[in-house]
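What follows is one structure encoded as structure tokens, with my remarks underneath.
Along the sequence shown, residues are numbered consecutively beginning with 1. The figures that follow rest on heavy atoms only: side chains count, while hydrogens, waters and symmetry mates do not.
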Amino acid sequence: MSALAVAVPGPAGAAGNGAALDEAAHNEPGTYELDITDRSQALEAIGELPGVAPVSFTDLIASRTGETSECGESCRAWPDDLNTDDRWYPQGLAGSGESNWAQAPATEVLVSAWYERTSPDDHAAVDSALTFVSTDDWRYRTVPLRLPVQTDDGWTTQPLASHNGGVAWAGPYLYVAATDRIHRFDLRTAMTDDEGYFLVPDRTYVGVDQGPYGVPRLSSISTDWTGEPALVSSEYAADDVTTEVVRWPLTDSGDLAGQDGIVGSQTNFWIDKDSSIDKVQGVAAQDGVYLFSGSAGTLDLARVGTQTDRDTLIWGRTGTDTHIPQDLYIGAANVYGQTEEPGHRNLFWQAQEDVLP
């Protein structure tokens, strides 16, 4: 068992009404909305540019050359150049085990999302990438993310300036959360040019400002196929305030279910500000149990409207020293996390049976 993840009981810390997750006063379908921007024509145009060629996902995974190193029984460390970089930071985390995709690799693959800061002290994003790690040999391949741009001279691309706070894998699609929007990448449309492999989003879903709660805050995201299939998004807040969790409907093929250019929420609820669930960096869900990783090095479990299965575990910290755990991913056998603190950037995991009720 990794020192970063220890299954010990902690105080529930819920509000006096007995629940850490509360039903929202307004939680009917469509309370929140995402506006769909279809980029398929732009994606096709980029693929037709001179020097650009398609790459199969199988070839992309086979091209992994980066090496991670063992940092414990259930922990892998990034190489020094990534571990100590003061501008590139790991954030979102997903894996093929949550994809429900028939063409997913036979060996579980993790996806770690990174973003580049404007400067070490300025958190505004200027670039981003996805790093694919196969769990058979723990080698990786980093793939830059680009945004299609139309100019007077035709189509080109530019770095995707996205915080990449969360990633979810559904069917052949990777959904990348970027605070007020979600970018979708079709893994069947990877490309290469003289700078190497890259991915371009085929859709972007932008939060709609509407009553009663305004624009959804899309800080972290995951896939939940149990119950009604959904992408689950959660909100980060630095202050001790009530924050939102939203379920967005998924089709069996991994598409966000939209109509007339809009995706409406499936349902939504609140994280009680008086609970121990604070500064949420990652979210995951399975069979009605929601998991939240917090900046302080905690992993909270909760159900909506009840204290059943409520727990707080140590997650992404050594002793009292937090390494700032980020997004979560529930795999086939393990629950995975990753940390962002420079010098302590690790992928780590714990068996499902030691985390989930």
Is a side-chain donor or acceptor of [X] paired with a backbone partner of [Y] at a separation under 3.5 angstrom?
X: Ser265; Y: Thr267; value: no
X: Glu33; Y: Gly207; value: no
X: Ser222; Y: Ala168; value: no
X: Ser234; Y: Val245; value: no
X: Thr339; Y: Asn346; value: yes
X: Ser219; Y: Tyr236; value: yes
X: Arg345; Y: Glu340; value: yes
X: Gln281; Y: Ala296; value: no
X: Thr131; Y: Thr142; value: no
X: Ser293; Y: Gly282; value: yes

Handout entry: The single option from Leu93, Leu291, Val280 passing side-chain contact (heavy atoms from CB on, under 4.5 Å) against Leu328
Key =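 Of all the options given, the one that passes is Leu291.
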Would you say that [X] contacts [Y] through its side chain, given a criterion of any heavy-atom pair below 4.5 Å between the two side chains?
X: Pro159; Y: Leu145; answer: no
X: Glu48; Y: Ile46; answer: no
X: Asp137; Y: Arg64; answer: yes
X: Trp248; Y: Pro216; answer: yes
X: Tyr197; Y: Ser63; answer: yes
X: Thr189; Y: Leu43; answer: yes
X: Pro54; Y: Met191; answer: no
X: Asp35; Y: Tyr205; answer: no

Practice task
Take Thr306 and Thr308 through the side-chain hydrogen bond (donor to acceptor under 3.5 Å, both in side chains) test and state the conclusion after the steps.
Solution key: CA-CA 5 Å; Thr306 177; Thr308 301; 3.0 Å; yes
Handout entry: Pairs flagged by ring-ring contact (aromatic ring centres under 6.0 Å, His included) wherever residues 283-306 is involved - sequence neighbours left out
Key =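 Every pair satisfying ring-ring contact (aromatic ring centres under 6.0 Å, His included) with a residue in residues 283-306: Phe269-Tyr290.
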Hydrophobic cluster identity match, [X] and [Y], side-chain contacts under 4.5 Å:
X: Val283; Y: Leu218; answer: no
X: Trp138; Y: Leu60; answer: no
X: Ile221; Y: Leu174; answer: no
X: Tyr213; Y: Leu231; answer: yes
X: Leu356; Y: Trp225; answer: no

Cation-aromatic face contact [X]/[Y], 6.0 Å, 45 degrees:
X: Arg184; Y: Tyr173; answer: yes
X: Arg117; Y: Tyr89; answer: yes
X: Arg146; Y: Phe198; answer: yes

Minimum heavy-atom distance [X]-[Y], with the two atoms named:
X: Trp315; Y: Gly337; value: CZ2-N, 3.7 Å
X: Ala230; Y: Gln266; value: CB-OE1, 3.8 Å
X: Pro249; Y: Gly264; value: CD-O, 3.1 Å
X: Asp80; Y: Thr84; value: O-OG1, 2.8 Å
X: Tyr115; Y: Ala125; value: CD1-CB, 3.7 Å
X: Ser128; Y: Ser162; value: CB-O, 3.6 Å

No-hydrogen, no-angle side-chain donor-acceptor test under 3.5 Å, [X] and [Y]:
X: Tyr336; Y: Gln350; result: no
X: Asp121; Y: Ser119; result: no
X: Ser253; Y: Asp255; result: yes
X: Thr226; Y: Gln286; result: no

Hey, what do you get for [atom1] ([X]) to [atom2] ([Y]), rounding to the nearest 0.5 Å?
X: Asn268; Y: Asn27; atom1: CG; atom2: CG; answer: 5.5 Å
X: Leu130; Y: Leu187; atom1: CG; atom2: CG; answer: 8.5 Å
X: Leu34; Y: Thr204; atom1: CG; atom2: OG1; answer: 11.0 Å
X: Ser233; Y: Glu244; atom1: OG; atom2: CD; answer: 6.5 Å
X: Arg317; Y: Thr322; atom1: CZ; atom2: OG1; answer: 7.5 Å
X: Thr135; Y: Arg76; atom1: OG1; atom2: CZ; answer: 10.5 Å

Any chance [atom1] of [X] has more than 12 other-residue heavy atoms, nucleotides or ligands included, within less than 6.0 Å?
X: Gln210; atom1: CD; result: yes
X: Asp252; atom1: CG; result: no
X: Gln41; atom1: CD; result: no
X: Glu28; atom1: CD; result: yes

Charged N to carboxylate O under 4.0 angstrom, [X] versus [Y]?
X: Asp186; Y: Arg188; value: yes
X: Asp224; Y: Arg247; value: yes
X: Glu67; Y: Arg139; value: yes
X: Arg303; Y: Asp309; value: yes
X: Asp127; Y: Arg87; value: no

Does the separation of the ring centres of [X] and [Y] fall below 6.0 angstrom?
X: Trp88; Y: Trp78; result: no
X: Phe132; Y: Phe57; result: yes
X: Tyr329; Y: Trp169; result: no

Handout entry: Verdict with reasoning, Thr151 to Asp153, per side-chain hydrogen bond (donor to acceptor under 3.5 Å, both in side chains)
Key = CA-CA 5 Å; Thr151 69; Asp153 297 323; 4.8 Å; no
Exercise for the section: Name the orientation class of the two ring planes belonging to His323 and His344 (parallel below 30°, tilted from 30 to 60°, perpendicular beyond 60°). Expected result: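 His323 and His344: parallel rings.
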Problem - Worked check of salt bridge (Lys or Arg N to Asp or Glu O under 4.0 Å) between Arg310 and Asp300 - result: CA-CA 7 Å; Arg310 182 76 175 94; Asp300 279 277; 2.9 Å; yes
